Number of protein chains: 2
Amino acid sequence: MQSEPVTAGTDDTGPRIRTNVDPSLREAAEIIDDGFRGDRLVTAFGRCTVDYDGRASSTLGLGDRHVMCKPDGSILVHTDEGQQPVNWQPPGCTHEVSTEGDRVVLESERSTPAERLVVEFERVGQVSTFAVDDATELSLDGTEEDLRNRILDDPELVEQGFTPLATERETAAGAIDIFGEDADGRTVAVELKRKRVGPDAVGQLDRYVDALRRDLHDDADIRGILVSPSVTDRAADLLERNGLEFVSLTPRK
Amino acid sequence: MQSEPVTAGTDDTGPRIRTNVDPSLREAAEIIDDGFRGDRLVTAFGRCTVDYDGRASSTLGLGDRHVMCKPDGSILVHTDEGQQPVNWQPPGCTHEVSTEGDRVVLESERSTPAERLVVEFERVGQVSTFAVDDATELSLDGTEEDLRNRILDDPELVEQGFTPLATERETAAGAIDIFGEDADGRTVAVELKRKRVGPDAVGQLDRYVDALRRDLHDDADIRGILVSPSVTDRAADLLERNGLEFVSLTPRK
DNA sequence: GCTTTCATTTCGTAC
DNA sequence: GTACGAAGTGAAAGC
């Protein structure tokens, strides 16, 4: 077993990577604290308990977990299972590390809403800090916006003679994705969903159409069209019962 | 700079923690592959690109990221910002690592839906594998279930004379959280929300009440009550317009 | 496998 | 800060 610190790529702000396997609790706390001060991405793996209190509250008994603290103030506690962290705090939290008795204690707090997460390590198997150099942004395709642009480029994908007049058109119930009119001059509200939808999306469209009817004092001549790849059975029932329509379209192709 | 492998707590399945700072690409791939075979939690930090294609598609140019592969087949790619991973795959995916030219390539795939994530490292700053021993489960309070139990313990929190008859009572539109009757014997549908709600929750309750009216052929005597800490203005309007009621209650205390 | 709903949802955006 | 809706939402329960 080795417990020497290992570093790589030292620059003026310190080592770009700093790792210690089986550190003493004091060493672990010191490295974590240095990481916080140096705006490093800090990770710690070890045997710990986790307590959370805020919007809800939770406790987690002793076990091995991987903890990641980001320089933006977020913290993630991962077990060996699941895509989601078992505990976390969002960006903007204040992080502190200390040693209390024979424990390394990591505290993360924020206000509005008041939330507090405490990780207590009885043993730290590894602690690391990383300087992150990342200027790139994610490019994502296949979103609802892509579906909207597809339709704006070629409105006949909705139906022949459809004319978009506005996007995000405000109503008393919220914004309509695409507001337009059909070949006969009737008002049309189009609600977009990038994937197969259930009853909730129909409810959304129904609220917008209702709001338009109230806003425009025009009881008969407003159509609501849901555009998505497909709908569930209950959604189809609800569309039918509310006199709404459906057009099948995907964000890509 | 050091590049020796560091290990801790070796047992019959290999070292419980194994870390290498600034490994060669070949070493990195080998350690990652060993981690996959040994059902370890595997992390890698380095300069990489990320490409995803599946339900949507995305690309991410070169930058430093932290990649975590769990033994359950999930993978998480984190930048230095945000609580959410910039890219990921859910549990159940198949992971493979290889060296292609001067790159370490990590591939994660699944079917239904067909999705593929590829991380290409041009440099690996650190790679680690962890044996995770965690038998504990999270205990969480302040959920919707807690709110339900609060009401079942003391139905008068909803209103005097309220009698719960069933939970998760099925209708054509979905399950009603608490189904019961009031002091006058009228049917009551209660929809629970653990926090402040918007129009969507009102739509949900409205669908259930509608479904009950159709199911029970009982047009007048069905009440719908939304129970949550509070509602937004639009939600209040929608409740009013649909003849639904609101009771303020939190999951805790 | 699909559907439905909850979630400490998170995240972005507009007011 | 609040509100509203999108998300590669994820996760669980029911069918």
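None of the values given here were measured: they were computed from a predicted structure. In what follows, every chain begins at residue 1, and chains take the letters A, B, ... in the order their sequences are listed. These numbers come from the heavy atoms of this one structure, side chains and all, not from hydrogens, waters or symmetry mates.
In terms of phosphate contacts, B:Tyr208 brings no side-chain nitrogen or oxygen within less than 4.0 Å of OP1 or OP2 of C:dT4. Neither OP1 nor OP2 of C:dC2 sits under 4.0 Å from any side-chain N or O of A:Arg196. Here B:Thr143 does not reach the OP1 or OP2 of C:dT8: none of its side-chain N or O atoms lies under 4.0 Å away. In this model, the phosphate group of D:dG8 is not approached by any side-chain N or O of B:Arg116 to a distance below 4.0 Å at OP1 or OP2. In terms of phosphate contacts, B:Trp88 brings a side-chain nitrogen or oxygen within less than 4.0 Å of OP1 or OP2 of D:dG10. Of the side-chain N and O atoms in A:Lys195, one or more sit less than 4.0 angstrom from OP1 or OP2 of D:dT9.
A heavy-atom distance below 4.0 Å to DNA chain C is reached by these residues of residues 39-59 of chain A, ordered by number: A:Tyr52, A:Arg55, A:Ala56.
Within the 4.0 angstrom heavy-atom criterion, no nucleotide atom of any strand lies near B:Glu168.
To the nearest angstrom, P of C:dC15 lies 16 Å from CG of B:Asp233. The interatomic distance linking A:Gln84 (CD) with C:dT9 (P) rounds to 13 Å, in whole Å.
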Q. Can you give the dot-bracket line for DNA chain C, where a pair is Watson-Crick or G-U wobble with both atom distances under 3.5 Å, crossing pairs use [ ], and | marks a partner on another strand?
A. |||||||.|||||||
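Ring geometry for B:His66 against B:Phe45 counts as tilted: the plane angle lies between 30° and 60°, on a 0 to 90° scale.
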